[in-house]
Amino acid sequence: MNEHVNDSYVKKAKKAGYRARSAFKLEEIDKKDKLLKPGQNVVDLGAAPGGWCQYARKKLGKKSHLIAVDLLPIEAITGVEIIQGDFTDPQVRQQINDMLDNQAIDLVLSDMAPNISGIASADQARSIGLAEGVLDWSCSVLAAEGGLLMKVFQGSGFDQLRKDVLANFRSVAVRKPGASRSRSAEVYLLARGFKGISETSG
């Protein structure tokens, strides 16, 4: 708790009006890699409390959809469509399609992490499983040349996951933003240039 209170990014977040320090992770990656562009359709998985959406909304402009999905409730954010539910639920997936009027998604963001049990091997396996689920869904909804940015823990299964991502995208990079605590195993996989469903399936 003391670490959190004295965290410089927590203080910066309060000053900037962000709901969470994690907003600076997305900001740093976006500034480096120029992910967010006006007019994109973007879905943010694991979006609560909404820090990533707050940052993304400013970058996307009016002619875009920004959909936030989380099991937890998210307080309203102007210009953000919010779904409380599990992204693996077919009803939630249908809600996303309806909000987009069946348009493809240009960018999937995921800052999701499993509930930590304290058993390292189990937590790692759940992290990889969650990321695999995000990858599978992204490959079913992304527009050609679309992108994916997702959190994952380094460890067992990470190298295979990275290969699986690269099989579906033209490039994949690992990002460890400054706002990500150094002692944490979390990194972000940034995939660009989705090859498209027909190309990846055959």
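- Note that the OG atom of S22 and the OH atom of Y55 stand 13.0 Å from one another [nearest 0.5 Å].
- The minimum heavy-atom distance linking S156 with I128 is given by the pair O-CG1, 3.5 Å.
- In this structure, CD1 on I83 lies 4.5 Å from CD on Q95, to the nearest 0.5 angstrom.
- Taken to the nearest 0.5 Å, the CE atom of M112 stands 8.5 Å off from the CG atom of L71.
- In terms of heavy atoms, I29 sits closest to P177 at CD1-CG, 4.2 Å.
- Under a 4.0 Å N-O distance rule, the pair E186/K25 qualifies as a salt bridge.
- With V42 as the partner, the side chain to side chain contact (heavy atoms under 4.5 Å, CB included) test is satisfied by one option alone out of L107, I67, V80: L107.
- With L135 as the fixed residue, the side chain to side chain contact (heavy atoms under 4.5 Å, CB included) test singles out one of L130, V152, V108, L148: L148.
- A donor-acceptor distance shorter than 3.5 angstrom exists from the side chain of N168 to the backbone of D164, with no hydrogens or angles considered.
- A distance-only check finds a donor-acceptor pair linking the side chain of D30 to the backbone of L35 [under 3.5 Å].
- Panel note: side chain Q154, backbone V187; no donor-acceptor pair is recorded below 3.5 Å.
- With R93 as reference, T88 is the one residue of D86, V69, T88 to meet the side chain to side chain contact (heavy atoms under 4.5 Å, CB included) rule.
- The aromatic rings of W137 and F87 stand perpendicular to each other, their planes meeting at an angle above 60°, with 30° marking the opposite boundary.
- Between R175 and E28 there is no salt bridge, since no side-chain nitrogen of the basic residue lies less than 4.0 Å from a carboxylate oxygen of the acidic one.
- One N or O on the side chain of D70 and one on the backbone of A47 form a donor-acceptor pair closer than 3.5 Å.
- Residues K176 and S184 approach most closely at NZ-O, 2.7 Å, considering heavy atoms.
- S110 contributes atom OG, which lies 8.5 Å from atom CG of L149 (distance to the nearest 0.5 angstrom).
- Scanning both residues, A56 and L66, for their nearest heavy atoms gives CB-CD2, 4.0 Å.
- Heavy atoms only, all atoms of each residue included: A191 and V165 are closest at CB-CG1, 3.5 Å.
- In this structure, CG in D101 is found 8.5 Å from CG in D98, a value given to the nearest 0.5 Å.
- P114 places a side-chain heavy atom less than 4.5 Å from the side chain of F153.
- More than 12 heavy atoms of other residues, nucleotides or ligands shown are found within 6.0 angstrom of NZ on K58.
- At a threshold of 4.5 Å between non-hydrogen side-chain atoms, the residues I77 and Q54 count as touching.
- Side-chain contact check for D33 versus R192: some heavy-atom pair is nearer than 4.5 Å.
- Neither M150 nor I116 shares a network with the other; the hydrophobic side chains, linked directly or stepwise wherever heavy atoms of I, L, V, M, F, W or Y lie under 4.5 Å apart, form separate groups for each.
- Between the Q103 side chain and the L100 main chain, a donor and an acceptor come within less than 3.5 Å of each other.
- Residue I82 holds its CD1 atom at 9.0 Å from CE of M99, rounded to the nearest 0.5 Å.
- Relative orientation of the F24 and Y18 rings is perpendicular, given thresholds of 30° and 60° on the angle between their planes.
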Could you walk me through whether R57 and S64 pass the side-chain contact (heavy atoms from CB on, under 4.5 Å) test, one step at a time?
-> CA-CA 9 Å; R57 185 66 270 173; S64 62; 2.9 Å; yes

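- Q94 places no side-chain N or O within donor-acceptor distance of the main-chain N or O of D89, the cut-off being under 3.5 Å.
- A salt bridge does not link K37 to D106: none of the charged side-chain nitrogens sits closer than 4.0 Å to a carboxylate oxygen.
- Summarising the geometry of C139 relative to F169, their closest heavy-atom pair is SG-CE1, 4.4 Å, with the distance given to 0.1 Å.
- Under the 3.5 Å distance criterion, the side-chain polar atoms of K195 are matched with a main-chain donor or acceptor of A167.
- A donor-acceptor contact shorter than 3.5 Å is absent between the side chain of S127 and the backbone of D123.
- The closest side-chain heavy-atom distance from V172 to L190 is not below 4.5 Å.
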